[in-house]
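Scroll down for the structure; my scribbles are underneath it.
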Protein chains: 2
Amino acid sequence: MNAVSGGDGSGGAAEHAHTTAWIASRIRNGIAGGELTPGTKLSEQSLSAALGVSRNTLRQAFTALAEESIVRRIPNRGVFVASPGPEDIREIYRVRRAIEPAAVLWGDITPQKLDTMEAVVQRAQAARDAGSVADMADANQAFHREVVGLTGSGTLGRMMDRVLAEMRLVFYAMSSAPDFHSHYVDRNVLLVRRLRAGENEKAAAELREYLDAAEAELLGHLAGRAAS
Amino acid sequence: MNAVSGGDGSGGAAEHAHTTAWIASRIRNGIAGGELTPGTKLSEQSLSAALGVSRNTLRQAFTALAEESIVRRIPNRGVFVASPGPEDIREIYRVRRAIEPAAVLWGDITPQKLDTMEAVVQRAQAARDAGSVADMADANQAFHREVVGLTGSGTLGRMMDRVLAEMRLVFYAMSSAPDFHSHYVDRNVLLVRRLRAGENEKAAAELREYLDAAEAELLGHLAGRAAS
DNA sequence: AATCTTGGATTGTTCAACAATTTACGGCTT
DNA sequence: AAGCCGTAAATTGTTGAACAATCCAAGATT
């Protein structure tokens with residue numbers, strides 16, 4: 001019945017001392033996959049039964065997910081999958097506007113990394129040409145993930161993962177913005193070209209404008225959707 | 001017996017639905033205060049008894065703290081307060097070298113924020129003149145915290161809090177570096193001056209050199225200490 | 001119709017147990 | 001004495017049931 005089907009017995013990669021992380025990952029995937037939509041309440045009783053774990057360990061997974069702010073915990077009310085609002089979007093872009101240009105400006109840029117970035121961009125282009133919105137969105141996110149990867153910092157990388165996960169929730173809330181990413185694919189092409197030419201400052205500046213525009217567009221879409 | 005004294009009954013600000021956060025905060029303070037030194041094992045039985053809470057809720061606090069990487073959890077072995085090594089230091093400075101200059105370059109810099117920054121710097125100077133190493137270290141950290149505060153992002157602010165907490169653990173591991181911060185107080189003065197003059201690019205560049213130097217010095221100290 | 005009360009459902013926390021694993025200890029071999 | 005092995009004790013990971021506190025959804029009251 002629940003979106004997250006029962007996992008007892010199957011799989012079998014979860015032995016001792018791993019089930020909490022396993023469950024957390026399970027829920028994370030459920031959210032990323034769209035089975036658990038923003039605002040959904042995650043009942044302890046239902047979920048623990050559905051996942052075949054104790055209410056106690058589920059609770060522990062909840063605290064981990066809450067710490068990642070993938071999920072919002074309201075005291076005595078329960079946990080809900082996060083549903084970002086305008087302020088959350090602004091915050092997301094505050095972070096991105098700081099981290100991504102910094103990575104471009106000061107990151108450790110190697111030809112190898114540029115190659116993988118270019119490959120990701122091409123994947124996005126192919127998806128756009130094929131009309132596959134989901135793939136394009138994925139590739140686009142992967143691209144920006146690669147951008148902060150230029151810093152070489154695992155911490156920043158994980159933070160970006162969190163931010164992108166939150167972005168996915170935003171996108172879900174406005175399913176009627178299919179061509180949001182298509183505008184920006186060309187910009188990514190240009191960005192890689194700039195980096196190859198060593199024009200990092202210019203790249204960073206353009207990336208910031210890019211992010212400003214994306215934020216404005218998102219907020220506009222959201223406002224339009226809220227007014228309807 | 002334990003560094004974290006029993007808290008049963010006393011205080012009384014922890015009612016229903018708050019004890020987990022309370023306990024986590026308690027441990028956090030214990031680490032920040034130096035009662036819980038890096039590498040210390042946090043036994044579930046001892047700590048739960050000392051804090052007067054169930055082993056289960058303590059466990060929940062552990063997962064939260066582990067997510068903040070204040071504490072390291074090794075499966076089936078227990079949790080230990082983190083003791084950062086050279087690679088951790090490099091990672092810390094990868095993050096700081098990205099975030100802090102970004103804040104200086106692109107942050108929302110208001111006269112008001114500059115005033116509070118200047119006040120913090122003066123606090124550091126006063127502490128230096130008074131010979132109070134601890135106060136100087138505190139003020140110095142507060143200063144850098146204010147720097148990333150220029151971004152206006154709560155997320156980045158919290159990340160910086162985490163990083164600074166880890167830095168404190170680093171400092172603890174080498175208690176014999178009392179004048180580590182004193183070199184840099186003057187640099188902070190200069191930084192504020194640069195920002196007041198609107199020379200943001202110069203400020204960012206100098207801050208990056210600053211951070212490079214600090215990282216090198218820390219790593220040097222650590223290597224020297226490891227060799228002894 | 002709006003408010004109050006009541007009963008059930010849900011969350012937060014504790015306790016006691018057990019399996020899996022690590023750790024400590026003693027005996028054995030060399 | 002040093003090193004290895006095996007068993008016992010301690011510790012972690014997980015479960016299940018219980019209870020207090022809080023929230024929620026009805027029905028009763030005015």
Side-chain angles (χ1 to χ4, degrees), chain A residues 1-4 6-27 36 39-67 69-82, chain B residues 1-4 6-27 36 39-67 69-82:
Chain A
M1 307 154 175
N2 206 312
V4 176
D8 50 2
S10 73
E15 331 243 329
H16 196 253
H18 289 293
T19 73
T20 295
W22 169 265
I23 292 301
S25 158
R26 199 73 190 261
I27 297 175
L36 261 26
T40 304
K41 173 167 183 178
L42 271 43
S43 156
E44 297 189 356
Q45 190 167 348
S46 314
L47 249 192
S48 62
L51 293 169
V53 297
S54 162
R55 196 161 75 87
N56 233 324
T57 58
L58 176 63
R59 223 142 192 307
Q60 224 168 309
F62 277 169
T63 68
L65 294 171
E67 195 68 35
S69 75
I70 286 174
V71 124
R72 198 165 130 69
R73 185 171 231 163
I74 305 178
N76 293 318
R77 303 274 296 268
V79 319
F80 307 79
V81 358
Chain B
M1 306 158 177
N2 205 313
V4 176
D8 50 0
S10 73
E15 332 244 328
H16 198 260
H18 288 293
T19 73
T20 294
W22 170 266
I23 292 301
S25 157
R26 200 70 191 266
I27 297 174
L36 260 26
T40 304
K41 174 168 182 179
L42 271 46
S43 157
E44 297 189 355
Q45 189 166 352
S46 313
L47 249 192
S48 62
L51 293 169
V53 296
S54 162
R55 195 161 76 88
N56 232 325
T57 57
L58 176 62
R59 229 148 184 305
Q60 224 168 306
F62 277 170
T63 69
L65 294 172
E67 194 70 34
S69 74
I70 286 173
V71 125
R72 198 165 129 69
R73 182 171 233 162
I74 304 178
N76 293 318
R77 304 275 295 269
V79 319
F80 307 79
V81 358

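Proteins come first, then strands; the chains are lettered A, B, ... in the order of their sequence lines, and each starts at number 1.
- For A:Ser54, no side-chain nitrogen or oxygen approaches OP1 or OP2 of D:dG16 to under 4.0 Å.
- One finds a side-chain N or O of B:Thr57 lying less than 4.0 angstrom from the OP1 or OP2 phosphate oxygen of C:dT14.
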Next on the checklist: Could you write out DNA chain D as dot-bracket? Rules: Watson-Crick or G-U wobble, both distances under 3.5 Å, brackets [ ] for crossings, | for pairs with another strand, dot for unpaired.
Outcome noted: ||||||||||||||||||||||||||||||

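- Atom CZ of B:Arg73 sits in a crowded spot, with more than 12 heavy atoms from other residues, nucleotides or ligands closer than 6.0 Å.
- When rounded to the nearest whole Å, the span between CD1 of A:Ile74 and P of C:dT10 equals 16 Å.
- Regarding contacts with the backbone of D:dC24, a side-chain N or O of A:Arg77 is found under 4.0 angstrom from either OP1 or OP2.
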Next on the checklist: The test is side chain to side chain donor-acceptor pair (under 3.5 Å); show your working for A:Thr63 and B:Thr63 and say whether it passes.
Outcome noted: CA-CA 7 Å; A:Thr63 68; B:Thr63 69; 2.8 Å; yes

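- Donor-acceptor pairing under 3.5 Å, judged by distance alone, is present between the side chain of A:Arg55 and the base of C:dG12.
- In this structure, B:Asn56 reaches the bases: a heavy-atom distance under 4.0 Å links it to at least one base atom across the strands shown.
- Between B:Val53 and B:Lys41, the residue anchored nearer the 5' end of DNA chain C, judged by the nucleotide with its closest heavy atom, is B:Val53.
- Protein atom CZ of A:Phe80 is 12 Å distant from nucleotide atom C1' of D:dC24, rounded to whole Å.
- Residue A:Thr20 places at least one side-chain N or O under 4.0 Å from the OP1 or OP2 atom of D:dT14.
- Dashed line: the shortest gap from a side-chain N or O of B:Thr19 to OP1 or OP2 of C:dT13 is under 4.0 Å.
- Which of D:dG13, C:dG12, D:dT11 sits closest to the side chain of B:Gln45 comes down to D:dT11.
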